[in-house]
Colleague: 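Structure incoming, see below.
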Amino acid sequence: MFNNRTKIKTLLQGNFVGKEVTVMGWVRTFRNNQFIALNDGSTNNNLQVVIALGLLNDETLKRITTGASLKVKGEIVASLGKGQSIELKAITIEILGDSDAEKYPLQPKKHSLEFLREIAHMRFRTNTFGAVFRIRHSLAFAVHKFFNEKGFVYLHTPIITASDAEGAGEMFKVTTLPIDGTAPKNEDGTINFTEDFFGKATNLTVSGQLEGELGAMAFSDIYTFGPTFRAENSNTTRHLAEFWMIEPEMAFYDIEDNMNLAEEFIQYLISYVIENNKEDLEFLDARLAEEEKQKPQNERQELGLIEKLKFVTDNKFERITYTEAIQILLDSPHYKKKKFKYDVSWGIDMQSEHERYLVEKHFKKPVIVTGYPAAIKAFYMRLNNNCEAGKETVAAMDILAPGIGEIVGGSQREERYDVLVKKMEQFNIPVKEMSWYLDTRRFGTVPHAGFGLGFERMVQFVTGMTNIRDVIPFARTPKNCEF
RNA sequence: UCCUCAAUAGCUCAGUUGGUUAGAGCAUCUGACUGUUAAUCAGAGGGUCUCAGGUUCAAGUCCUGAUUGAGGAGCCA
């Protein structure tokens, strides 16, 4: 029986002084042959275990090394030392698992994030990653809580898909055919997929949106939350080959409703973490402040992490149209001094530098941009009424966050059958293969909208971690699929 | 995929103009120390200088290529 122990979080929160308890955890440091900093992952804080002189023989003392796992029975007492309010006076100590100090990679010192990434299987045991992944959990839980409270249905859209019409980037192929060149071929030399497992070419999903729309046409409001795959050769701090995405889809919503929901959603998620991960946020806040100190003054963030999060929950997001955004850029001193690498004019797909300027320099808070040119956005986005010829726009919305860039991409969907089919033809989408999608527009079509939120980018925003590979347990990126 | 930069002890990094035996802090090991806070003090061990070529009397240092990593760009969430 192991489960009669008390978690360290519980001990530090409650009033246990004078009580006898059993704790289990891993040694973070062992000082003076007397003080163990024990951590069990329930909280960022350690419990100090005190060993009285003579309790253990020398041989056992030597086995208490960084990383070893212990079972300690003892009495909770008010701490004599200054760094903590309570500590555990050990009665018995059992070493559950030794940790060879010469080989254990984590030392009681600061490690670089790059090094910890290489030992991702061990990095959960550090303060930083402990905090990051407890927050990641809280965010995931809050996602379900938010939508459940609003009556949304959690829909599991497929991970293996035959639809290649989404156009959201390169896909990973899924097949059971041999890859050594002996796969069955058609007369023209292409692979004969009718002999493949599914009888057709299949891929890992790049988005659950199209299937999500089918659900919304019955349940009114649905959301998906699952893994998503992109085979792009992207080497950046904000892209992964395997990531998690949340895609709500709502019937009887227009673009305005969509924006309201997305804003409320993001603010809810942040508030949940502020309330439930106070210590983890405080740790990350201090860590970030320390890092900021290393930077030259003009590159430093104005707000600390917690201040930034509170600012986002307490203030409305800025809402502007694409046309207004372009005008702001054209009027900016930055543009007039020719500091943009890429030119600005109506119709361009805004570059990172443009989005960063709007969010980080001009507004200094999350910005929702709507009404993008139809030509640069996906086929399913609703064409706006009364557009000037040659300046057609769609009811798209992107939410841009400081430091992260695009955190949400969404739109009101094109519900008019004729307009949608015409759009698909323009975008070279095979109308025939997509008839299941078009059925929603044939039978009881309604105005509807939805968006996709990159979960890891959200975790980045909340934790202040600058590299997306540090907010997912085991990052999959080009040339990297360890563990 | 493109651009820039980097790779030296377990980790973080120094290594001068190409020159003799490649250094430091932390970690580890040995010893001391029983109210420590990434404990402290004394001593010791620890190197295929990423890999493959090349230039040179001589390469950690210069050149070419590869690999890996970081930052930026594109693609996007």
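Every chain is numbered from 1, with letters handed out A, B, ... down the list of sequences.
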Colleague: With heavy atoms under 4.0 Å as the rule, sort Phe451(A) into base, sugar-phosphate or nothing.
Modeller: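 Phe451(A): no heavy atom of the nucleic acid under 4.0 Å.
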Colleague: Going by purine N1 to pyrimidine N3 plus the second Watson-Crick contact, or the G-U wobble pair, all under 3.5 Å, which nucleotide sits opposite U56(B)?
Modeller: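 When the pairing criteria are applied, nothing turns out to pair with U56(B), so the answer is none.
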Colleague: Looking only at side-chain N and O atoms, does Asn33(A) come under 4.0 Å of OP1 or OP2 in A39(B)?
Modeller: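 Checking Asn33(A) against A39(B): no side-chain N or O falls below 4.0 Å of OP1 or OP2.
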Colleague: Picking from U12(B), A73(B), G35(B), which would you name as closest to the side chain of Ser112(A)?
Modeller: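 Of U12(B), A73(B), G35(B), U12(B) is nearest to the side chain of Ser112(A).
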Colleague: Scan Lys479(A) against the nucleic acid and name what it touches under 4.0 Å (heavy atoms): base, sugar-phosphate only, or nothing.
Modeller: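 The residue Lys479(A) makes sugar-phosphate contact but no base contact.
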Colleague: Can you list, by residue number, the residues of residues 73-81 of chain A that have a non-hydrogen atom closer than 4.0 angstrom to RNA chain B?
Modeller: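 Heavy-atom contacts with RNA chain B come from Ser79(A), Leu80(A), Gly81(A).
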Colleague: For U68(B), take OP1 and OP2 only and decide whether either is under 4.0 Å from a side-chain N or O of Arg117(A).
Modeller: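 It does not, given that no N or O in the side chain of Arg117(A) lies less than 4.0 Å from OP1 or OP2 of U68(B).
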Colleague: Would you say U1(B) has OP1 or OP2 under 4.0 Å from some side-chain N or O of Asn233(A)?
Modeller: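 It does, given that an N or O in the side chain of Asn233(A) lies less than 4.0 Å from OP1 or OP2 of U1(B).
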Colleague: Which base sits across from C5(B) as a Watson-Crick or G-U pair, both distances under 3.5 Å?
Modeller: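 Check on C5(B): paired to G69(B), both distances under 3.5 Å.
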Colleague: I want to check something: taking the side chain as every heavy atom from C-beta on, are Glu213(A) and His448(A) in contact at a cut-off of under 4.5 Å?
Modeller: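 Yes, at least one pair of side-chain atoms sits under 4.5 Å.
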Colleague: What's Gln84(A) touching, base or sugar-phosphate or nothing? Going by heavy atoms closer than 4.0 Å.
Modeller: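 Base: the residue Gln84(A), judged by heavy atoms under 4.0 Å, touches a nucleobase.
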Colleague: May I ask you to verify if any side-chain N or O of Lys62(A) is less than 4.0 angstrom from the OP1 or OP2 atom of G31(B)?
Modeller: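 For G31(B), OP1/OP2 do have a side-chain N/O of Lys62(A) under 4.0 Å.
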Colleague: Does OP1 or OP2 of A39(B) have a side-chain N or O of Thr29(A) closer than 4.0 Å?
Modeller: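 Yes, Thr29(A) has a side-chain N/O under 4.0 Å of OP1/OP2 on A39(B).
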Colleague: Side-chain N or O of Arg238(A) versus OP1/OP2 of G72(B): is the shortest distance under 4.0 Å?
Modeller: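 So the side-chain polar atoms of Arg238(A) never come under 4.0 Å of the phosphate oxygens OP1 or OP2 of G72(B).
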Colleague: For Glu87(A), answer base if it contacts any base atom (sugar-phosphate contacts may also be present), sugar-phosphate if it contacts only those atoms, and nothing otherwise; contact means non-hydrogen atoms under 4.0 Å.
Modeller: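 Base contact.
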Colleague: Does Thr237(A) put a side-chain nitrogen or oxygen below 4.0 Å from OP1 or OP2 of G71(B)?
Modeller: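 Negative; the distance criterion is not met.
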Colleague: Within 45° of the six-membered ring axis of Phe311(A) and under 6.0 Å from that ring's centre, is NZ or CZ of Lys364(A) located there?
Modeller: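 Negative - Lys364(A) is either too far from the ring of Phe311(A) or too far off its axis.
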Colleague: Taking only residues at least two apart or on different chains, which pairs with a member in residues 44-60 of chain A satisfy salt bridge (charged side-chain N to carboxylate O under 4.0 Å, His left out)?
Modeller: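 Passing the test, one end in residues 44-60 of chain A: no pairs.
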Colleague: Starting the side chain at C-beta, find the nucleotide from G69(B), A38(B), C75(B) nearest to Glu114(A).
Modeller: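 Looking only at side-chain atoms, Glu114(A) lies closest to G69(B).
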Colleague: Does one side chain, of Gln84(A) or Ser79(A), offer a donor that lies under 3.5 Å from an acceptor on the other?
Modeller: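 Yes, Ser79(A) and Gln84(A) have a side-chain donor paired with an acceptor closer than 3.5 Å.
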Colleague: Contact class for Glu406(A) vs. all strands (heavy atom < 4.0 Å): base, sugar-phosphate, or nothing?
Modeller: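 Sugar-phosphate, no base atom in range.
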Colleague: Check the phosphate of U36(B) against Arg31(A), side-chain N and O only, distance under 4.0 Å to OP1 or OP2. Yes or no?
Modeller: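 False: Arg31(A) side-chain N/O out of range (4.0 Å or more) of U36(B) OP1/OP2.
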Colleague: Base, sugar-phosphate alone, or nothing: which one does Gln48(A) contact when heavy atoms must sit under 4.0 Å apart?
Modeller: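 Touches a base.
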Colleague: Verify the contact: side-chain N or O of Gln351(A) to OP1 or OP2 of G74(B), cut-off strictly under 4.0 Å; return yes or no.
Modeller: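 Yes, within the criterion.
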Colleague: Reckon Phe115(A) touches a base, only the sugar-phosphate, or nothing at all at heavy-atom distances under 4.0 Å?
Modeller: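 Sugar-phosphate, backbone atoms only, no base.
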Colleague: I want to verify a distance call: between U36(B), C26(B), C76(B), whose nearest atom is closest to the His239(A) side chain?
Modeller: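 The nucleotide sitting nearest to the side chain is C76(B).
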Colleague: Is there a Watson-Crick or G-U wobble partner for U61(B) with both distances under 3.5 Å, and which nucleotide is it?
Modeller: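 In the structure as shown, U61(B) has no Watson-Crick or wobble partner.
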